[in-house]
Amino acid sequence: MSTGAFGIVIPGHPVLFDANCRQVDPQRWLADVANSASAVRDVTLFLNQPLPEGTGLAAYISPPPFQSWRFLGFVHNASPSATMRVRWLPEDANPTAAQVAIAVEPLSELSVKQSLVPGDEFTQFGKGVATDLIRYLESFESMQSAAGEYLTKLFNRWLERFEAKSKRDPYWWVNSASAI
């Protein structure tokens, strides 16, 4: 890849281009994200030039001491930019410094990696609230009756519908807010 092929945007930090990154081999680059006032939450990756056919640019992130890498997402010629949410683990303690790695990889491998990325956090939040509500309702004696079993079945069907709707459009609740 030639210079100026991609860029990285991390809110609160200067835009980085491949020329600002350390090239560790012909297909991989590392970018240091200096200490900031808050944890890195989003990484935007974009292409300035087309990639070789059948390849994409993968983004990974690591908290200090930069030994464990997490796949964030990827871009390719048909989708030349993406903003990827960083999901830090509890043991990472919301680091204010990080390293971002960019790598050219086959699209077939990237699609598999993308399918393993955790689902949208809004959906996970909604499921957590719904599950907590049903557990609360089940704690009442009246929910142990036939009517309670019926309500639990209805609630579980609603939860399945919620999950399917959120999978199709994670922001459905924003898009339909004016209709409520």
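The residues of the chain are indexed from 1 along the displayed sequence.
For the pair Asp25 (side chain) and Gln27 (backbone), a donor-acceptor distance under 3.5 Å is present. A donor-acceptor contact shorter than 3.5 Å is absent between the side chain of Asn77 and the backbone of Pro50.
Checked against salt bridge (charged side-chain N to carboxylate O under 4.0 Å, His left out), Asp132 has no partners two or more places apart in sequence or in another chain. Residues satisfying the side chain to side chain contact (heavy atoms under 4.5 Å, CB included) test with Asn156, not counting sequence neighbours, are Thr152. Partners of Arg135 according to the salt bridge (charged side-chain N to carboxylate O under 4.0 Å, His left out) rule, which considers only residues two or more places apart in sequence or in another chain, are Glu138. By the side-chain hydrogen bond (donor to acceptor under 3.5 Å, both in side chains) test, Thr131 is found to be paired with no residue, residues two or more places apart in sequence or in another chain being considered. Contacts of Pro106 classified as side chain to side chain contact (heavy atoms under 4.5 Å, CB included), with partners at least two apart in sequence or in another chain: Ser108, Glu109. For Thr83, the side chain to side chain contact (heavy atoms under 4.5 Å, CB included) criterion is met by Asp42, Thr44, not counting sequence neighbours. For Leu16, the side chain to side chain contact (heavy atoms under 4.5 Å, CB included) test picks out Ile8, Asn20, Ala31, with sequence neighbours left out. Partners of Arg41 by salt bridge (charged side-chain N to carboxylate O under 4.0 Å, His left out), not counting sequence neighbours: none found.
Contact between Phe6 and Cys21 at its shortest, heavy atoms only, is CE1-SG, 4.4 Å. Scanning both residues, Ser81 and Phe46, for their nearest heavy atoms gives CB-CB, 3.8 Å. The nearest pair of heavy atoms linking Ala103 to Arg28 is CB-CG, 3.8 Å. Nearest approach of Pro64 to Ala97, heavy atoms of both residues: CD-O, 3.2 Å. Trp158 and Ala130 make their closest contact through CZ3-CB, 3.5 Å (heavy atoms, listed as atom of the first residue, atom of the second, distance). Here the closest non-hydrogen pair linking Leu30 and Ala101 is CD2-CB, 3.7 Å.
Remark: of the listed residues Val15, Leu45, Val43, Val15 is the sole one forming a side-chain contact (heavy atoms from CB on, under 4.5 Å) with Val9.
Under the 4.5 angstrom side-chain criterion for Ile, Leu, Val, Met, Phe, Trp and Tyr, Phe66 has no cluster partners at all.
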Determine all donor-acceptor pairs shorter than 3.5 Å in which one atom belongs to a side chain in residues 56-63; sequence neighbours excluded.
from  : atom 1 : to     : atom 2 : distance (Å)
Tyr60 : OH     : Glu105 : OE1    : 3.2
Tyr60 : OH     : Glu105 : OE2    : 2.7
Tyr60 : OH     : Lys113 : NZ     : 2.5
Ser62 : OG     : Gln67  : N      : 3.4
Ser62 : OG     : Ser68  : O      : 2.9

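No chain of hydrophobic side-chain contacts below 4.5 Å, direct or via other Ile, Leu, Val, Met, Phe, Trp or Tyr residues, connects Leu89 to Val33. Residues Leu51 and Val100 are members of one and the same hydrophobic cluster, defined by side-chain heavy-atom contacts under 4.5 angstrom among Ile, Leu, Val, Met, Phe, Trp and Tyr. Hydrophobic clustering (side-chain heavy atoms under 4.5 Å, transitive across Ile, Leu, Val, Met, Phe, Trp, Tyr) groups Leu47 together with Met84.
In this structure, CZ on Phe74 lies 11.0 Å from OG1 on Thr55, to the nearest 0.5 angstrom. For the atom pair CG (Leu159) and CZ (Phe155), the distance works out to 6.0 Å, reported to the nearest 0.5 Å.
Residue pairs meeting the salt bridge (Lys or Arg N to Asp or Glu O under 4.0 Å) criterion with at least one partner in residues 150-161, sequence neighbours excluded, do not occur; the list is empty. Applying the salt bridge (Lys or Arg N to Asp or Glu O under 4.0 Å) rule to pairs touching residues 69-82 yields Arg70-Asp92, sequence neighbours excluded.
Atom CD of Glu53 is surrounded by 12 or fewer heavy atoms from other residues, nucleotides or ligands within 6.0 Å.
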